[in-house]
Amino acid sequence: MTFALQFLIDVLSLGGAYALMALGLVIVYGILRLVNFAYGELIMVTGYALFLAGGTGLPWLVMAAMAILVAVATGILTEYVAFRPVRAKSVTAVLITSFAFSTLLQNAALLFISPRPRNVPLPPIFSQTVEIAGVVTPMRNLLTIAAAAILLAVFAFLMRRTVLGVAMRAAASNFTMARMLGVPANLVITSAFAISGLLAGVVGILWIGRIGTVVPGIGMEPLLVAFIATVIGGMRSLSGAVLGGFLLAFIDTTLNYTLAQDLLKFRDAFTFGLVILILLWRPQGLLKGPATGQRT
Amino acid sequence: MLEVKDLEVRYGAIRAVRGVSMKAEAGQLVALLGANGAGKSSTLMCVAGALRAAAGSIRLMGEDVTSARPEAMVRKGVATVTETRDVFPDLTVSENLLLGSYVHRHDRAGVAADRERMLQLFPRLGERAGQAAGTLSGGEQQMLVIARAMMTRPKLLLLDEPSLGLAPAIVDQIFEMIRVLKSSGLTIVLVEQNVSKALQLADTAYVMRLGRIAAAGTAAEIAATTDLGALYLGG
Amino acid sequence: MNRHLLTAVLLSGLVVLLVVATEALGVRVFDRIATNLCVSLVLVIGLQIFMGNSGILSFAHIGFMGVGAYVSALLTIPAQMKGMALPDLYPILQGIQVSPYLAIALAGVAAAVVAAVMSYPLMRLSDAAAVITSFALLVVLHTVMTNWSNVTNGPRTLFGVPKATDLLLAAGVAVAAIVGAVAFKESRTGLLLRASRDDEVAAAALGAHIPHLRWRAFIVAAFFAGVGGALWGHFVTSFSPNAFYLHQTFVILGMLVIGGANTVTGAVVGAFLVTGAFESLRSVEARLNDLKLFNDQVVGLTEIVLALAMIAVLILRPGGLFPSREIGAVLARAFANKKKGAA
Ligand SMILES: Nc1ncnc2c1ncn2[C@@H]1O[C@H](COP(=O)(O)OP(=O)(O)O)[C@@H](O)[C@H]1O
Ligand SMILES: [Mg+2]
C-alpha cells in the first residue's frame, strides 16, 4: 500500500513535469510541423533568470514570475530569430536554425555566466518533506503535481473556451484553412511560442527545484523527454502529448524500480530505441493526432 | 466585383495556371468548368490568397489584392470553400462555426444572429452542434463548411466542387442552398464537375483546359456551343 | 575536360595546396590545424553524401564517427596498454592488434555495417519523423558509448590510442572522400536520389525505390564518418564519448550548411571557411584569457559566432555559398560564356 502510494506520487510528479515539457514542444510542432530544438534552452534561460534575480532580494514568487516571463520572451525571440525568417524556405532550414539557436543560447550562458553550476534561490518548501499515510515524500513533488494540474486545467480551459484557443487548435489541424477564415498566422505562431515559453518557464522552475542549480546544458534532458513523450503521444495532439508525458513517467519510474543498476545506465538507449520503433511502426506517433493538415 | 488578369500560378516548375483572365460582376454566379487538373482549384486558391500569383493581377472591387494574404482576403469579404472540404475534424460543429466569425468576434450579438440564420438554413448542423466535425457525413461536412464560410459575412463566395462525392439527393440540396445564397445577392464563383447543374444556376461561365481559359461566355452560350463531353473526357 | 572531373580535380587541388603550404611554412600549429581540417573534410563530405543527395537532415552522422574512433582504437591499442586503458575489456579482444591503417579502413567498414543494420527501416520516414529518429539514433549511440565501459572506458577518457594520423594521411583520405562524393553524386544512385529530393513521385516513376537509395547513401556516409572518426582518434590519441555528440554535430553541420549542403564544393568550402574562422576566434579567445579581463575563462565565443553565421546564411542564402552548381560547372559555364563573348 505504501509502495503503491509512493509509486503513484513518483509517477504523477514526474509525469506532471514531463507532460508540461511535452505540451510546450507540441504546441509549436502541432501548428508549424516544426521541431524546436531550442526548446530545452527555454528551461535553461528560466534557471539563469532565477539565478540572476537571486541578487535582487525581491520576494521569491516575484523572482519566479520574472524568470517565467524571461522564458516567454525567449520563446518569442526564438520565433523571430530562428523561425520567422526561414519559415517559408524549407523544413530542414528551420530545424537547423533552431538547432543553431539552441547552441547560441547555451554558449551565451557559458560565455556570459559560467560553465560551472550556479545556485538558484529556492524557498524552503522545495527542500521540505511531508509524510502522507506513511510515505515520506519531498514537498516539491506535491508542488509539481499541483502546478501541473492547475496549469493543464487552465490550458485546457483556454484552448476550449477562448476564441484564440479555438483558433490555435484549428490552426494545429489545418493552418491554411484557419488563415482563410481570417485567423492571422503571425498571431497564432507568436502565441504558440509564448505559450511554449510559459510552460517551459513553469516546468523549468519545478525541474531546477529538484537539483537546485543550473548549468548551460540543463535543457538537454527536458528536450529529450519532450521528444519521447511527444512521439508516444502522437506528435500533433495536445492531449496526446500530456498522456505521452505521463506514460513516459510511468515507464521511467517502473524501470527505476525494476532495472538493475548497471542496466539503468542504458535507460536512455532503451527509451530512444523505443521511440525509433514507435516511429517506424507509426510515423505519426503512437496515439492518433488530428486528421490531415498541411504546412504553409 | 472580381477581376482576374493574366493570372499565372506555379508549383515549382509546373505552371498550373497560365494567363487566366476572368470577371465576376456583383450578384452574379460565375461557373468555372474544366476537366480534372485544368487549374480551376489553383485559380480559386490564388484568388483566396492561399497561393501566390507568379504573374498577373487580381482586383477586388477595384482594389489590387494580388499579393494579399488569406487572412486579409477574408476581411475584404472573400470566403472560400475548398475542394477538400476542410472542416477542423477535432473541433465541434459549434467551434467550427465560431471560427467562421473570427473576424467579427467582437460583435457578439451580430455573430449570434449569423449563427441562428445558418442553423435555420442548415438545421442538421444545429442537431449536431456539440459533435466533433470529423464525425459528420460528407454532406453534413459540406453544409458545415458553407455555413462556416457564410459566417465570415462574405461579399464574394468561392466554392470549389461542393457536390464532389456526394449522394444525388444531397447534391440537389447543396445546389438549392447555392441558389438561395445567390438570390440573397451574394456574388459566387462556382467550380463544378456537375456541368449542367452549374450552368442552370450560372450567369456566365468559363471553361479551363490545361491551365488556360478555353472558352468564355454567358451560361447559355457555353451550354449551347461548347462540346462539354469532349471537354471532360478529352481533357 | 569533363566538368565533374574538373570539380574533383579542383577540390583535391585545394587540399594539395593546403598540404604544400603547411609543409612550406613548417609551423607545428599550422600542421595541427591543417590535419584537423582534413579530418573535418572527411566528416563533412560524408554528411554531404547523405544530406546533399537525399535532402534529409541527419543527426546520427557524428554517432558513426564515434563508432569508427572506438573500433579503430580497440583494434590498435597495444595489448600491454589495454590492461590499463580498458581494464574490463572482453578477453577475446585483448590480444587483437592490427596496423592503424588497416584499422582505419576497418573502422569505416564497421560504422557502415552498424549504419546498414540500424537504419534500413528508418529510410522510409521523412519530415519530422526522420529528423527525430536520426536524433534518437545519435542519443542511442551516445548512450551506448558512454555506458559500455568494457570497450569504451565509459564516460572517461580512453587513453593509449597509437598516433598514426599525420597531415599526408588525412589529406589523402580527404582527397579520396572528395572523389568518392563526386562519383556518388553522379552515379545512378546519386542521380535518382537527387531526382527524388525534388520530386518523389517522378523519381518513383523512373523505377527508383527511394528508401533503398537513401539507405545506400546513408551507408556510404557512415563509412566516411567512421573513417573520419578513426583518423581523428589516431591523431589526438585520447578521447571520450562527449567528443561525438551535439557539439561536434553542430560544427560539422555548420560547415555543410554554410558551404551549401547540395554540393561537394559547398562541403569543402564550408570546412575550409569554418575551420579558418574557428581557429582565428580560438586565438582571440586565448588572447582574452591571457589578458585576464574576465573572471572566468572565455569560452563559447567561437560557437556563438558559428551559430550566428549559420542562421544568417540560412536566412540570406538558404542553399549556402554553393547552393546548386559545383565549382567545375561554374567555371565551365563562365568559360563558355567568355568564348561566346569573344566570338
Ligand atoms: N500542390 C501541388 N503541387 C504540385 N502540383 C500541383 C499541386 N496542386 C495542383 N497541382 C497541379 O496543378 C494542375 C492544376 O491542378 P488543379 O488546380 O487542382 O486543377 P483542377 O482543380 O482543375 O482539377 C494539375 O496538373 C495538378 O497536378
Ligand atoms: Mg480542383
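First the proteins, then the strands, lettered A, B, ... as listed; each starts at 1.
Taking every heavy atom of both residues into account, B:Leu99 and A:Ala170 meet most closely at CD1-CB, 3.1 Å. Taking all atoms of both residues into account, the shortest heavy-atom contact from B:Phe88 to A:Asn174 is CE2-O, 3.6 Å. In this structure, A:Val163 and B:Tyr102 approach most closely via the heavy-atom pair CG1-CD1, 3.5 Å. For the pair A:Arg179 and B:Glu71, the tightest heavy-atom approach, listed with the atom from each and the gap, is NE-OE1, 2.7 Å. Contact between A:Gly182 and B:Arg75 at its shortest, heavy atoms only, is O-NH1, 3.2 Å.
Contacts of B:Thr80 with chain A are made by both backbone and side-chain atoms, with heavy-atom separations under 4.5 Å. Contacts between B:Leu91 and chain A at a heavy-atom distance below 4.5 Å involve backbone atoms as well as side-chain atoms. With a threshold of 4.5 angstrom between heavy atoms, B:Met151 does not approach chain A through any atom at all.
The CZ atom of A:Arg160 lies 6.5 Å from the CD atom of B:Glu95; values are rounded to the nearest 0.5 Å.
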**OP:** For B:Val145 and A:Met177, run side chain to side chain contact (heavy atoms under 4.5 Å, CB included): C-alpha distance rounded to whole Å, both residues' side-chain angles, the deciding distance at 0.1 Å, then the answer.
**Re:** CA-CA 10 Å; B:Val145 287; A:Met177 191 63 234; over 6 Å; no

**OP:** Walk me through it: do B:Val74 and A:Leu181 pass the test side chain to side chain contact (heavy atoms under 4.5 Å, CB included)?
**Re:** CA-CA 6 Å; B:Val74 188; A:Leu181 292 171; 5.6 Å; no

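Surrounding CZ of B:Arg18 are more than 12 heavy atoms belonging to other residues, nucleotides or ligands, all under 6.0 Å away.
Within residues 184-194 of chain A, the residues having any heavy atom under 4.5 Å from a heavy atom of chain B are, by residue number, A:Pro184, A:Ala185, A:Asn186, A:Leu187.
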